[in-house]
Structure formats: structure tokens, C-alpha cells
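Data first, discussion second: the structure below is written as C-alpha cells.
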Amino acid sequence: MSLLFRRASLASLGLAFGLSALSLSPLMAQETAPAPADAAAPAPAAAPAPAPVDPNAVVATINGQPLTEADLVLAEGELSQQFAQLPAEQRRAAALSAAIEIRVMAAQAVTTGLDKDPDFQRRMAFLQQRALHGEMVEKGVVDKVTDAEVRARYDQEIANTPPVNEVHARHILVKTKEEAEAIIKQLDGGADFQKLANEHTSDPSGKTNGGDLGWFGPGQMVPEFDKAAFALEVGKYTEQPVQSQFGWHVIKLEDKRAKQPPAFDEVKDQAKQAVIRDKYFALVKSLRGAAKVEIPDANLKKAVDTLESAK
């Protein structure tokens with residue numbers, strides 16, 4: 001299956017690539033009584049742009065050690081989930097309070113020697129390696145992806161995707177085979193399909209639109225329905241009732257066309273994620289190939305090798 005049209009996931013890499021969905025909502029006009037011409041107020045002046053923040057500006061001092069604006073921004077980012085429910089105006093204060101709490105507790109941990117604990121040192125080493133892994137992915141993979149590579153990946157996926165037909169169909173859904181056969185008999189006699197659908201279908205969405213299902217592609221309907229609909233010629237209806245888990249269907253094919261691939265702008269984020277994924281695994285493969293890795297446990301080595309071969 002094409003990887004372009006599903007969002008690529010790097011969760012298996014221990015990373016989170018956030019994909020933000022941007023939506024544009026139409027502005028709803030409000031009906032208000034027009035103000036007299038002489039009462040018209042001048043438009044409010046645009047708010048001045050906020051002054052740039054100096055990342056080295058000291059926000060607080062804890063036991064003589066400065067906590068800078070950059071430190072606070074980092075704390076806000078790392079602790080954003082904890083502050084998600086807070087009003088925006090409270091998040092900065094909450095982040096500063098948390099940063100101070102972390103500083104004083106960490107200082108106390110050093111005073112009591114907790115930083116020398118072997119388990120802590122192992123965890124710190126792992127966290128440092130994980131952070132460096134993330135930096136390597138960001139700087140060595142993500143930042144190096146070019147627009148040309150993303151476009152080439154899109155073009156490749158389009159070229160490799162077999163053409164697919166989609167159909168526009170209507171149906172009449174009833175509970176029994178006998179009811180469906182009676183409807184087919186009326187159609188054979190020249191009855192109007194849409195009128196019969198409005199009168200007889202048990203599909204709530206089809207009672208007012210003549211059983212219209214719109215356009216759909218292979219696999220979007222239950223198998224029995226899908227097979228029958230795609231086998232029809234345009235303008236024809238099923239000569240025998242079609243049974244599915246929902247009941248008995250009489251299906252009419254309104255039209256058929258080649259499904260158009262999505263435009264580049266619609267899927268460029270997915271294409272970029274696919275490029276990132278491929279570059280990441282290529283880099284890992286190169287580095288793993290150059291590294292000397294030994295796993296004494298034969299069963300564990302076999303399990304790891306199986307996972308690696310699947311990437």
C-alpha cells in the first residue's frame with residue numbers, strides 16, 4: 001500500500017513528530033443596526049508588535065544562580081502538557097514556578113549525593129543519548145529535507161499508484177428479499193428509482209435524496225455491496241437483490257470515473273514525513289552497519305535481527 005496517503009509515524013523511533021491540522025473557518029457575519037454616519041468611530045489602531053525578547057534576560061535568581069528567559073521557554077515547552085488546561089496568562093507563571101521548584105529540588109539532590117547514585121547516572125546517560133538522538137534526527141535528517149525531494153516523492157507515489165475507478169451509486173435498503181424483489185419488479189416496469197428509494201429505503205440518509213450514496217472507491221462499502229456496485233454498467237440496477245449485514249439492497253449505478261489522485265498541496269506533509277522516515281532509516285542502517293554490536297543471548301539477538309530486518 002502506498003505510504004504517501006497515510007501519515008508516516010516515527011513513534012517506533014522514540015520520537016514525536018507533531019502534525020498540526022490547520023483549519024480555516026468562515027467568518028460569520030453579525031447582523032447589527034447600522035450606526036449613524038456622524039456616530040461612526042474610527043477604527044482602533046493596530047496593536048504594536050511585541051518587542052523581541054532577550055533570551056539571556058534574567059527572569060529569576062535561585063540561590064545566586066540566574067534563570068534566564070531561554071530557560072523559561074525551555075521549561076514551558078517541556079512541561080506544556082501539564083499546563084495545557086491553564087489559561088494562557090497563567091502558563092508563564094506556572095512554568096516559572098515549576099522551574100524554580102526543579103532547581104531547588106535538584107540542588108538538594110546534589111547536596112545529598114543522589115547525583116552519584118549508579119541508577120541515576122545510568123538514567124542520565126540514557127536521557128542524554130536520547131536527547132542527542134533527537135538532535136541528530138532534527139538537524140541531520142529533518143532540516144536537510146528539500147522541497148525538491150518532497151515533490152519527487154509525491155511524483156513517485158503517483159506514478160506507482162495503479163489507476164482506480166470510483167463509482168456514483170444509489171441504493172434501496174429493505175429488510176427482506178421479497179421486498180427487494182418487489183422493488184426490482186417495479187423498476188422493470190419503468191418505476192423511478194429515486195422515488196422508490198424515498199418511499200421504501202430503511203437507510204435514514206437515503207429517504208430524502210433518492211438513496212444517493214455519492215462517489216466511493218473500492219473497499220469503502222461492505223464486500224457484497226462493493227462487488228455488486230462495481231460490476232454494474234452505468235444506468236443499470238441489480239437484477240437480483242444483494243444481501244449484506246444491513247439487509248437487502250437494490251443498487252443502481254449512476255456513473256463511473258477514474259479516481260483523481262490528491263493534489264500535491266493536499267498531501268505534501270505526508271510526502272515529507274515519508275522522505276524523513278526513509279532518510280532516518282537510511283542513516284540508522286549506515287551507522288548500525290559501521291558499529292560493532294554484539295548480543296551474547298542468541299534468542300535475543302534473533303529477535304532483534306527480526307525487528308531490524310522489518311524496518
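Taking CD1 of Ile158 as the start and CZ of Arg153 as the end, the distance is 11.5 Å to the nearest 0.5 Å. Between the CD atom of Glu157 and the CZ atom of Phe264 there is a distance of 12.5 Å, given to the nearest 0.5 Å. One finds the CD atom of Glu179 at 12.0 Å from the CD1 atom of Ile184 (value rounded to the nearest 0.5 Å).
Considering only residues two or more places apart in sequence or on other chains, Glu239 meets the salt bridge (charged side-chain N to carboxylate O under 4.0 Å, His left out) condition with none of them. With sequence neighbours excluded, no residue satisfies side-chain contact (heavy atoms from CB on, under 4.5 Å) with Gln240.
Counting only heavy atoms from C-beta outward, the side chains of Arg103 and Asp71 approach each other to under 4.5 Å. You'll find the side chain of Met124 stays beyond 4.5 Å of the side chain of Arg122, heavy atoms only. Looking only at side-chain heavy atoms (C-beta outward), Lys302 and Asp305 stay at 4.5 Å or farther from each other.
In this structure, Gln90 contributes its side chain and Pro87 its backbone to no donor-acceptor pair below 3.5 Å. In this structure, Asp226 contributes its side chain and Val222 its backbone to no donor-acceptor pair below 3.5 Å. Distance alone, capped at 3.5 Å, is enough to place a donor-acceptor pair between the Gln220 side chain and the Gly217 backbone. No side-chain donor-acceptor contact under 3.5 Å links Lys279 to the backbone of Val145. Within the 3.5 Å criterion, the main-chain N or O of Ala57 finds no donor-acceptor partner in the side chain of Thr68.
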Sequence neighbours left out, cut at 3.5 Å: what donor-acceptor pairs do the side chains of residues 162-174 make with other protein atoms?
{"unit_1": "Glu166", "atom_1": "OE2", "unit_2": "Arg257", "atom_2": "NE", "d": "2.7"}
{"unit_1": "Glu166", "atom_1": "OE2", "unit_2": "Arg257", "atom_2": "NH2", "d": "3.0"}
{"unit_1": "His168", "atom_1": "NE2", "unit_2": "Asp212", "atom_2": "OD1", "d": "2.7"}
{"unit_1": "Arg170", "atom_1": "NE", "unit_2": "Glu254", "atom_2": "OE2", "d": "2.8"}
{"unit_1": "Arg170", "atom_1": "NH1", "unit_2": "Asn209", "atom_2": "O", "d": "2.8"}
{"unit_1": "Arg170", "atom_1": "NH1", "unit_2": "Gly210", "atom_2": "O", "d": "3.3"}
{"unit_1": "His171", "atom_1": "ND1", "unit_2": "His249", "atom_2": "ND1", "d": "3.1"}
{"unit_1": "His171", "atom_1": "NE2", "unit_2": "Asp203", "atom_2": "OD2", "d": "2.9"}

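Under the 3.5 Å distance criterion, with hydrogens and angles disregarded, a donor-acceptor pair is assigned to the side chains of Asp188 and Tyr237. Using a 3.5 Å distance cut-off with no hydrogens or angles, the side chains of Gln108 and Thr111 do not pair a donor with an acceptor.
The pair Glu308-Arg288 meets the salt-bridge criterion, since a charged nitrogen lies less than 4.0 angstrom from a carboxylate oxygen.
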